[in-house]
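Written below as structure tokens is the structure these notes are about.
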Amino acid sequence: MKVIEKNNMKDPAHFVARIHVEEDCLDDPVTRDILARTGDIPVDIIKSDSAGLPDFGLYPKSLSRGKRHLLLSRNRGRFLKPCPGTKEYCCCDYQVLNIGMNCPMDCVYCILQAYLNNPWLSFFVNYDDLVNELAEAVALQPDRFWRIGTGEFTDSLALDRLTDLSRVLVEFMHDKKNGLLELKTKTAVVDNLKGLEHGGRTIVAWSLNSPAIVAKEELRTATLEERLAAAAQCAAWGYKLAFHFDPIIYHPDWEKGYTETIKQLFSAVPGDSIAWISMGCLRYLPSLKEIAVQRFPNSKFFYEEFIQGLDGKSRYFRTLRVEMYKHLYQELNKRAAADTCIYLCMESDDIWQEVFGFTPGERGGLASMLDTAVGEKAKG
Ligand code: SF4
């Protein structure tokens with residue numbers, strides 16, 4: 001059943017069944033363009049404070065229904081914010097570009113389930129404000145290298161067929177020598193990226209997992225084969241790529257599963273097109289476990305043994321994390337290009353030392369390692 005659903009859902013925007021538009025952005029050209037692309041999806045006009053949205057019932061049960069409803073509105077706050085990393089772990093100094101909230105796909109481990117309190121999808125249509133804010137930020141600090149991503153509160157490309165935002169962002173970034181945009185996705189929706197003048201300033205990134213986790217725990221996402229075919233297509237269009245093994249989940253035959261995915265990755269995609277690859281073991285706040293086990297009672301991975309980390313999140317025991325990282329690193333390292341940066345997401349110096357034999361500080365810090373990986377590639 002899940003496989004059939006996946007095959008029908010190559011483009012998760014098809015899951016949207018109703019659109020709600022706040023009245024103050026109805027005449028916005030971006031709104032009009034989006035509505036023109038949505039075909040016969042019913043549209044409601046609602047008040048500008050989102051009053052008038054249907055009652056979806058109690059959260060989080062309401063999420064399954066809410067994910068079929070897309071709210072178009074203006075962002076009245078800031079678009080650009082530092083990634084909420086924690087000071088206890090090595091973090092990569094990323095800037096999050098907030099383009100909207102929630103996602104039509106449905107991963108059992110998705111942190112958004114605990115982070116949000118509304119079940120619907122929301123998307124901001126004031127692209128002019130977004131671009132102005134970006135332009136101002138990048139120009140105000142010309143000596144800083146900006147790594148900007150849209151995949152923190154949503155999936156970067158899940159609604160892109162409707163919104164066309166990737167074209168705006170890629171073309172904006174193409175001549176920004178002190179910046180790089182990362183579009184992170186679990187879809188295969190890359191048609192909008194074709195033929196754009198990207199100037200090497202956009203990295204297209206995919207989250208990858210073992211075949212068993214993709215099949216069982218990532219609903220309505222593209223299959224591994226579809227993700228990797230889309231990645232190969234982007235590489236052929238000259239984009240740099242990135243991959244994120246996050247969350248790495250302990251499950252039966254995990255070694256075989258992750259090895260299989262890594263083999264598939266390097267047989268599908270040219271290694272020298274990959275700027276970076278991250279690894280991060282499953283970590284979660286207690287509230288996420290409560291929500292996920294309620295919504296997905298057949299998923300069992302939350303019932304392994306965990307300890308509480310310095311950031312209050314549950315993690316696997318250190319020995320298991322190191323074992324998993326070492327296994328993936330060994331498989332990645334024997335296939336990856338020399339200048340691809342392989343790194344850990346939100347781990348301590350001790351774990352870095354055990355897995356890689358060095359700490360980020362010895363190489364100028366993680367942010368600098370990532371910037372260097374891209375800088376060297378950009379010159380090449
Ligand atoms: S694709 Fe990403 S944002 Fe969407 S449900 Fe999965 S983890 Fe959450």
Side-chain angles (χ1 to χ4, degrees), residues 2 5-6 9-16 59-71 83-84 94 96-124 149-163 165-166 182-190 204-224 226-228 230-231 242-249 261 278-285 287-289 291-296 299 301-302 313 345-346:
K2 215 159 279 171
E5 187 177 53
K6 269 183 179 295
M9 285 294 168
K10 276 185 191 164
D11 179 353
H14 286 303
F15 195 62
V16 175
Y59 195 90
K61 270 199 155 175
S62 54
L63 262 171
S64 302
R65 209 177 132 217
K67 279 172 176 271
R68 305 206 71 153
H69 291 251
L70 171 61
L71 170 67
C83 176
Y94 201 67
V96 176
L97 189 64
N98 182 9
I99 60 170
M101 300 272 184
N102 212 341
C103 171
M105 295 174 278
D106 213 352
C107 302
V108 173
Y109 53 75
C110 180
I111 182 64
L112 295 178
Q113 299 171 97
Y115 185 81
L116 305 174
N117 47 22
N118 294 323
W120 57 82
L121 316 175
S122 65
F123 183 80
F124 302 129
T150 54
E152 192 69 19
F153 302 122
T154 182
D155 179 283
S156 297
L157 297 176
L159 298 173
D160 205 58
R161 183 178 57 81
L162 304 180
T163 67
L165 178 62
S166 66
E182 185 178 22
L183 299 173
K184 199 191 291 182
T185 190
K186 287 198 186 101
T187 73
V189 182
V190 294
V204 196
W206 277 266
S207 303
L208 298 180
N209 223 305
S210 81
I213 297 295
V214 172
K216 284 196 208 131
E217 318 292 356
E218 299 181 346
L219 278 68
R220 292 190 292 279
T221 61
T223 63
L224 264 182
E226 288 164 348
R227 289 180 215 184
L228 294 175
F243 296 94
H244 299 284
F245 286 86
D246 199 343
I248 300 168
I249 293 179
T261 297
S278 76
M279 301 186 287
C281 280
L282 176 68
R283 52 211 178 275
Y284 62 87
L285 289 167
S287 54
L288 175 64
K289 178 177 174 179
I291 291 173
V293 298
Q294 187 184 336
R295 296 190 64 226
F296 304 101
S299 283
F301 62 83
F302 279 111
K313 291 182 182 169
C345 188
M346 305 305 288

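Just so you know, residue 1 is the first one in the sequence shown, and it goes up from there. One-based numbering, in listed order, for ligands and for the atoms of each.
Protein N, O or S atom count below 2.8 Å of atom 6 (Fe) of ligand 1: the structure gives 1.
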Arg227 vs Thr221, side chain to side chain contact (heavy atoms under 4.5 Å, CB included): CA-CA, chis, key distance, verdict:
CA-CA 9 Å; Arg227 289 180 215 184; Thr221 61; 3.0 Å; yes
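Between the side chain of Asp11 and the main chain of Val189, no donor-acceptor pair closer than 3.5 Å is present. A donor-acceptor pair under 3.5 Å links the side-chain atoms of Asn102 to the main chain of Trp120, judged by distance alone.
Every residue meeting the salt bridge (charged side-chain N to carboxylate O under 4.0 Å, His left out) condition with Asp246, not counting sequence neighbours, appears here in chain and number order: Arg283. Listed by chain and number, the residues in a side-chain hydrogen bond (donor to acceptor under 3.5 Å, both in side chains) with Thr150 are Ser156 (sequence neighbours excluded).
Applying the salt bridge (charged side-chain N to carboxylate O under 4.0 Å, His left out) definition to pairs two or more places apart or across chains, those involving residues 96-119 are Lys67-Asp106, Asp106-Arg220, Asp106-Arg295.
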